[in-house]
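Below is one structure, written out as structure tokens; comments come after it.
Just so it is clear, the model here is predicted, and its values are computed rather than measured. To find a chain, count down the sequence lines: A is the first, B the second, and so on, and within it residues start at 1.
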Amino acid sequence: MSLLNLHSVTKTVPLPDAPPLTILHGVDLEISSGDRLSIVGRSGSGKSTLLNLMGLLDSPTTGSITFDGRPAEKFSSAERDRVRGREIGFIFQQFNLLPGRTARENVMTPLLYATGKQFWNRSKLAAEMLERVGLGHRIDAMPTMLSGGEQQRVAIARSLVRGPRVILADEPTGALDVETGASVMALLDEVALSTGAALVTITHDPAIADLASRHLLLDHGRLSTVRDDGRPSELVAVSRRLPHAAGVHAVPAASGAVPDEELSA
Amino acid sequence: MSRFFTGVVGALAEAWQELRIHRTRVLLSLIGVAVAVCALTTVVGVAGIAEQAMTESNERWGGRPATLKVTASKADGTAPDPEAMTALWTETLERYGIDYAGRIAYGAAFVQFADGAVNVSVQAVDPAYAQMHRLQVDHGAWFAADDALRLAPAIVVNEAFWQRIGSPDLGSHPTVQLLGNAPATAVIVGVHRSQSWEMEPTMYMLTEAYSAVSSDGPAIGLTEYEMWIPADLTEQIQAGLTRDLQAGLGESYVVNIYRSDPGAYDDDPLLSLKLTVGGIAGLVLLLGALGLVNIAMVTVKQRIREIGIRRSFGATAGRVFFAVMLESVVATVAAGVVGVMVAIFIVKSPMVEDLIGQGMITDFPPFPIEAALLGLGAATVVGALAGLMPALVAVRVRVIDAIRY
């Protein structure tokens, strides 16, 4: 069963002194657990708009989005926020770490909006997540004291700490050099794989796009499939047999981020 | 319930984190609030002490609540026979079971001081007077019941009197000569506390003793009879007393019974002062709040990106509103606590107490809890009002725009 489904989604925005601009035209997209998607496209092609729609940050002008079989338009505003916090993890190009907070406090941020054990154990869970992304020794470091790669790893830990089922990465390596970018992507892929989350990466970088199993192209608001390498279940199975990427401290899914329903019981 | 509880704790944690990170800005913006709350609380606290000072001062003259004064005279001003009146008075007090009662007569006596004879005001009273009128004796003691039997009358004098005879040790039983038609040697048994501006010597004597030394009789005006009774029984006793005394004295006498203590008057003598200073403190509070709103607005605009990030990680609009609001309230309440603590320190400092009480307060009131609550309440309201606008701005932010801000 698909996790996130976009059906004939169109997004139009009004412009001052000009006719409305249609950014997305009839986008159809189905994302299941464990999927690895890359979306490439020129600047202004509507990639970020598409990501915002998938992340329930925005609503389509026409068409429908369903999350876990439930139509997104039926969600109340608060419910939409809660689903987003629980099920979707964001990774931004500019990391968007909260200034003045340590790495641990940044990773704890999403847990402030959780309930049950996730909320009360937020400090411990954040530390474990940082450990998992190889930053166990920089837990109390401020973002300004971290390198770009380390900052993005903190951002990855933050996006994964609530055990989301979908990870949306908007140019996750855009602010990093090639080598660091590859290392960060390997980490993201590895950690996402261990939790079984779907990973959607928006990128300009063909090498980064190549890491995904499904390659999509967004051109002038129209989404098309460039390549589809295989079923997600096969990908997960194959990846689990592979040795871990160098420098990545992957942990089996059972001991890592745990879905809300298990923790908040 | 769990979501609500974690929401409240989470919002508090966020607010505290925000305050910790921006402590310098927060501290600076809160100085105005703390000063205003301190001013407001101090005004109310000081007014409480001033009120007590004024009440006690009034009680020194009019008696403690509820004091009933009784006068009786014929239409031409003739007083009843003192002995007959005293007998009737004593009998009436016994009938009503009233323990605190006494007579007051005003007169004068020539006293021989080292620098000459001086006409000194005398109040002839009964032993219960000191307790009924909050009279404090700083040296020696007030009259005891058997002081009336002394051959040398006992007197309690004011500070001016005592200083005029050289402030002698009362253990040495200092005496003064009372001149006049019936000269006598009076023994000073006590020195009562008096206002610093009282420069003229005055003294108290027991009614019987004064009658003995005053050949003219004690009265300048009529002898007053007074009693200290429970306030809720005033009307009942007043009516019964009027009836009984009138019956005892006969139709030719007019019996007048009235409440003389300050509780008989409803108006607050400090109201205008309280309103003026309270108004000024309110204005300071308003200015502090405006500064706070200004800084909070600027800060929220700087934090729009952060708010967007939080929203993307699951913060609901209500949660963001609550957190921004709470930051303001937590900060102003903290400032309010500081302001109230400083106010307590000011109001309860011995210097301020002396300044307002002038050493005349017997029962210093504790720091009024309503002043502290008012200060904290004002701080909370200011925080809520100052937080409202930035919180609304924070909620209206579109998440997508905020992240890219």
For Leu146(A), does its backbone N or O pair with a side-chain atom of Gln151(A) as donor and acceptor, under 3.5 Å? yes
Strictly less than 4.5 Å between heavy atoms, which residues of residues 307-335 of chain B line up against chain A? Please order them by number. Ile309(B), Arg310(B), Arg311(B), Ser312(B), Phe313(B), Gly314(B), Ala315(B), Thr316(B), Ala317(B), Arg319(B)
Identify which of Asp81(A), Leu57(A), Asn52(A) forms the greatest number of heavy-atom pairs closer than 4.5 Å to chain B. Asp81(A)
Between Glu105(A) (side chain only) and Thr102(A) (backbone N and O only), is there a donor and an acceptor less than 3.5 Å apart? yes
Looking at Leu37(A), Val166(A), Ile31(A), which hits side chain to side chain contact (heavy atoms under 4.5 Å, CB included) with Met54(A)? Ile31(A)
Salt bridge or not between Asp170(A) and Lys47(A)? Use side-chain N to carboxylate O under 4.0 Å. no
With Asn96(A) via side-chain hydrogen bond (donor to acceptor under 3.5 Å, both in side chains) - residues at least two apart: Arg305(B)
Please look at Arg158(A) and chain B and tell me whether the side chain, the backbone, both or neither of the residue comes under 4.5 angstrom of a heavy atom of that chain. both
Using the salt bridge (charged side-chain N to carboxylate O under 4.0 Å, His left out) rule, take Arg80(A) and Glu73(A) through it: C-alpha gap first, then chi angles, then the decisive distance, then the call. CA-CA 9 Å; Arg80(A) 179 184 281 258; Glu73(A) 67 265 23; over 6 Å; no
Option from Val9(A), Val13(A), Val27(A), Leu24(A) for which side chain to side chain contact (heavy atoms under 4.5 Å, CB included) with Thr49(A) holds: Leu24(A)
Which residues in residues 370-389 of chain B have any heavy atom closer than 4.5 Å to a heavy atom of chain A? none
For Phe119(A), which atoms come within 4.5 Å of any heavy atom of chain B: side chain, backbone, both, or neither? side chain
Is it true that Arg165(A) and Ser33(A) share a donor-acceptor pair across their side chains at a distance under 3.5 Å? no
Run the numbers on Glu79(A) and Arg84(A) for salt bridge (charged side-chain N to carboxylate O under 4.0 Å, His left out), then give the verdict. CA-CA 8 Å; Glu79(A) 203 174 359; Arg84(A) 185 190 312 127; over 6 Å; no
Check this for me: His204(A), atom NE2, are more than 12 non-hydrogen atoms of other residues, nucleotides or ligands nearer than 6.0 Å? yes
Of all residues at least two apart in sequence or in a different chain, which pass the side-chain hydrogen bond (donor to acceptor under 3.5 Å, both in side chains) check with Thr10(A)? Thr62(A)
